[in-house]
Amino acid sequence: MTDFFLYLTLIAYFGATGLWLLYFLAQREGYYRAGAWVMAGGLACHTLALIQQAWAAGALPAATFGETLLLFAWALVAAFLVLIWRYPIKILGTLVAPLAALMVSGSLILPARQGVVSPLLKGFWLTVHICLTLTGYAALALAGLGGILYLIQERQIKSKRFGFFHRRLPSLSQLDNLNYWCLTTGFPLLTGGIISGSLYAQHTLGRFWSWDPKEILTLIAWLIYAVLLHERLTVGWRGRRAALMAICGFLVLVCTFVGANLWLTGYHSFASFIQPP
Amino acid sequence: MNLLLCGVNHKTAPVALREKLACLIPDVAHAYNHLKSWPEVSESLLYTTCNRVEVMCVSETPDEAAARVREFFARHPEIAPGDLDESFYVHRDREAVQHFFRVAASLDSMVVGEPQILGQVKRAYREAAAHHATGPILNRLVHKAFSVAKRVRGETGIGDHAVSVSYAAIAMAKKIFGDLAGKNVLLLGAGEMAELALEHLKGQGAGKITVANRTLERGVALARRFNGEAVSLEELPEQLLFADILISSTGAGDLLITRDQVKGVMRRRKQRPLFLIDIAVPRDLDPNINDLDNVYLYNIDDLNEVVQQGWQHRRHEATKAERLVAAETLKFLLWLETLEVYPTIIALKDKAEAICRAELKKTLNQLGPLTEEQRQSLEVLTASITQKLLHDPIIFLKRNRRPRNPHQELDLVRRLFHLDPDRNGGIPEKD
């Protein structure tokens with residue numbers, strides 16, 4: 001049943017990708033609106049699948065890379081839908097929908113969990129830690145994607161050569177505002193995620209911080225965002241520099257999320273979450 | 001029944017001739033009185049724009065109607081009969097519909113894609129309707145033309161790109177700031193193009209307007225016109241702090257603002273974006289300013305380049321629009337053809353009903369007294385026989401809308417049922 005919902009989700013996300021791509025090319029409002037509804041339908045199926053998984057596991061399903069990917073895809077889509085509901089930067093959907101579709105495909109392809117989830121992974125504070133971190137990641141990922149669009153548009157305006165993208169991308173100020181909203185939402189969430197995680201670590205492992213690769217990389221990303229936010233608010237960093245920083249931070253987050261889970265080892269890696277049956 | 005469109009436009013007639021012809025129209029009531037008094041014309045619509053004077057009409061005898069319109073045009077005392085020879089065109093049916101759709105969609109304009117034309121056609125239609133000059137065919141044609149124009153605007157990018165320097169500046173400002181409401185404008189020097197751009201910016205809800213000019217009096221006069229404030233050139237560095245858009249067009253020989261100046265200002269502005277437009281020759285602003293973050297410098301050549309690209313884009317989009325117009329023209333002509341079929345269908349039904357009534361009367365007389373029920377069933381019987389008999393010919397007429405030769409088939413049906421008794425119909429009465 002979970003798989004059924006996940007396949008529905010996948011179809012919806014790929015469908016929305018197609019529709020938004022059409023919108024991007026043809027610039028017709030109808031495609032965009034249809035894409036938004038399809039995406040929302042996909043999110044509903046996605047939610048049902050997650051609820052079923054959580055029910056079956058008795059905890060937030062975040063014990064394997066695939067499961068976490070699925071959670072993150074959910075957070076990204078939810079964050080995006082909230083964003084376009086408030087601030088319609090429609091073209092961002094053309095990046096978000098395929099990304100979500102790929103992540104859901106990834107979670108379906110990756111091996112399912114075998115064995116029992118470590119009892120360490122069940123607990124209220126851990127759930128809080130995962131939720132805050134992933135929603136924070138989602139908002140900051142949107143800032144990074146917006147940054148890419150900003151750089152493309154800025155390049156065209158500065159060089160005075162208007163290509164294919166110029167007409168289709170929103171104005172620089174809209175893209176810069178996107179950076180600001182996502183940063184001011186994502187940064188506190190990430191901070192809360194780190195704090196709740198370290199409190200949970202103190203509670204269960206007896207130490208706040210263990211310098212494992214995932215923690216170090218997250219700290220680097222957090223510092224990048226802290227600097228950006230500080231400079232934005234005091235000196236007025238914006239535009240290209242803010243976009244570049246957001247992209248850097250996003251890349252570090254991708255390393256944290258993918259790299260630290262697949263290639264580096266530590267107590268945060270998924271391998272250590274599963275106990276052999 | 002034929003559609004006819006005749007007139008002159010900017011491609012066929014010089015402005016002097018168009019002006020004179022446009023003078024015929026100001027008194028719309030008078031013009032429509034003329035048009036309506038002609039027996040050849042059953043519906044008409046008259047419109048003038050700065051680039052055309054055209055009459056669209058429905059007529060049974062198109063040649064005579066076209067001659068009438070031409071005569072009407074030639075009434076102007078200053079128009080020599082030869083003037084119209086080269087410039088007066090007559091489009092029939094398909095060409096007429098297509099031409100009208102192209103006019104409404106702004107494909108036939110001097111500036112392709114300009115939005116005013118649709119409003120002018122709409123106003124002309126309101127006037128025609130007020131004078132009861134239009135009928136079912138033109139009403140439908142005009143409404144179709146409006147929807148074609150709307151589709152062209154929505155589905156192609158024909159109006160998207162700026163094709164004048166001042167609009168190009170506004171378009172760029174919008175790509176930088178998104179919304180121009182409340183953006184402060186600083187004008188350096190005065191000039192026609194700068195004032196035009198300022199006018200557009202005002203229309204977009206621009207905020208405070210400041211004018212800095214070498215001679216203060218001229219600056220004050222200009223500032224008053226735009227409800228702005230005049231400052232002297234010495235205050236320029238300070239003014240740069242508050243402006244979002246700067247338009248420079250002084251006649252100064254050397255640079256007025258250097259890169260380092262702007263760099264310092266940007267720090268104090270907390271990097272709020274600054275859009276600098278330099279339309280002066282020689283240039284007022286250091287070209288290297290464009291390297292700074294959050295500062296965008298456009299000079300006159302850059303804007304001309306934007307305009308060139310705008311033209312290219314419009315031409316490209318216009319071909320898409322032409323396809324759309326061609327498809328809609330076909331659809332309209334199909335509708336027009338079905339319209340031609342209806343009189344025949346009605347004539348068929350009338351004839352059948354008349355026969356029914358006559359035969360029924362004869363039979364009832366012969367049968368003598370009948371009950372009401374019997375009478376009714378006889379009526380139903382005759383009615384259903386004719387109905388069933390006519391069903392197939394009517395369907396044939398309606399469905400077979402696009403035969404190779406519609407008139408021939410229509411003619412055949414009319415002859416077959418002898419619907420035009422006054423005409424011999426080609427069938428010999430007697431052997």
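Below, chain A is the first sequence line, B the second, and so on; all start at residue 1. Excluded from the calculations below are hydrogen atoms, water molecules and symmetry mates; all remaining heavy atoms, backbone and side chain alike, are included.
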Which region of B:Leu303, side chain (C-beta onward) or backbone (N, CA, C, O), has a non-hydrogen atom less than 4.5 Å from a non-hydrogen atom of chain A, or is it both or neither? neither
State, with a plain yes or no, whether a side-chain heavy atom of B:Tyr298 is found less than 4.5 Å away from one of A:Ile157. yes
Taking atom NZ as the centre, does B:Lys263 end up with more than 12 heavy-atom neighbours from other residues, nucleotides or ligands that are less than 6.0 angstrom away? no
Non-hydrogen atoms of chain B under 4.5 Å away: do they reach the side chain of A:Leu175, the backbone, both or neither? neither
So for atom CZ, which belongs to A:Phe164, do other residues, nucleotides or ligands contribute more than 12 heavy atoms lying within a distance under 6.0 Å? yes
Does any heavy atom of chain A fall under 4.5 Å from the side chain of B:Arg269, the backbone, both, or neither of them? neither
CZ of A:Arg167 to CD of B:Gln309, rounded to nearest 0.5 Å, is 12.5 Å
Mind checking which of residues 165-185 of chain B sit less than 4.5 Å from chain A, heavy atom to heavy atom? B:Met172, B:Lys174, B:Lys175, B:Ile176, B:Phe177, B:Gly178
Only counting residues at least two apart or in another chain, list the ones meeting salt bridge (Lys or Arg N to Asp or Glu O under 4.0 Å) with B:Asp302. A:Lys160
Under 3.5 Å, side chain of A:Lys158 to main-chain N/O of B:Val295, donor-acceptor pair present? yes
Do A:Glu154 and B:Tyr296 have side-chain heavy atoms sitting under 4.5 Å apart? yes
Above 12 or not: heavy atoms from other molecules or residues under 6.0 Å from CH2 of A:Trp74? no
Are A:Arg238 and B:Arg272 packed together at the side-chain level, in the sense that at least one heavy-atom pair is separated by less than 4.5 angstrom? yes
Considering only heavy atoms and a distance below 4.5 Å, find which of B:His313, B:Met266, B:Lys270 pairs most often with chain A. B:Lys270
Can you tell me how far the NE2 atom of B:His161 sits from the CZ atom of A:Phe162, to the nearest 0.5 Å? 10.0 Å
Would you mind checking which part of A:Gln153 comes under 4.5 Å of any heavy atom in chain B, side chain (CB onward), backbone (N, CA, C, O), both or neither? side chain
Any idea which heavy atoms bring A:Arg241 and B:Asp293 closest together, and the distance? NE-OD2, 4.0 Å
Return yes when atom OH of A:Tyr180 has more than 12 non-hydrogen atoms of other residues, nucleotides or ligands closer than 6.0 Å, and no otherwise. no
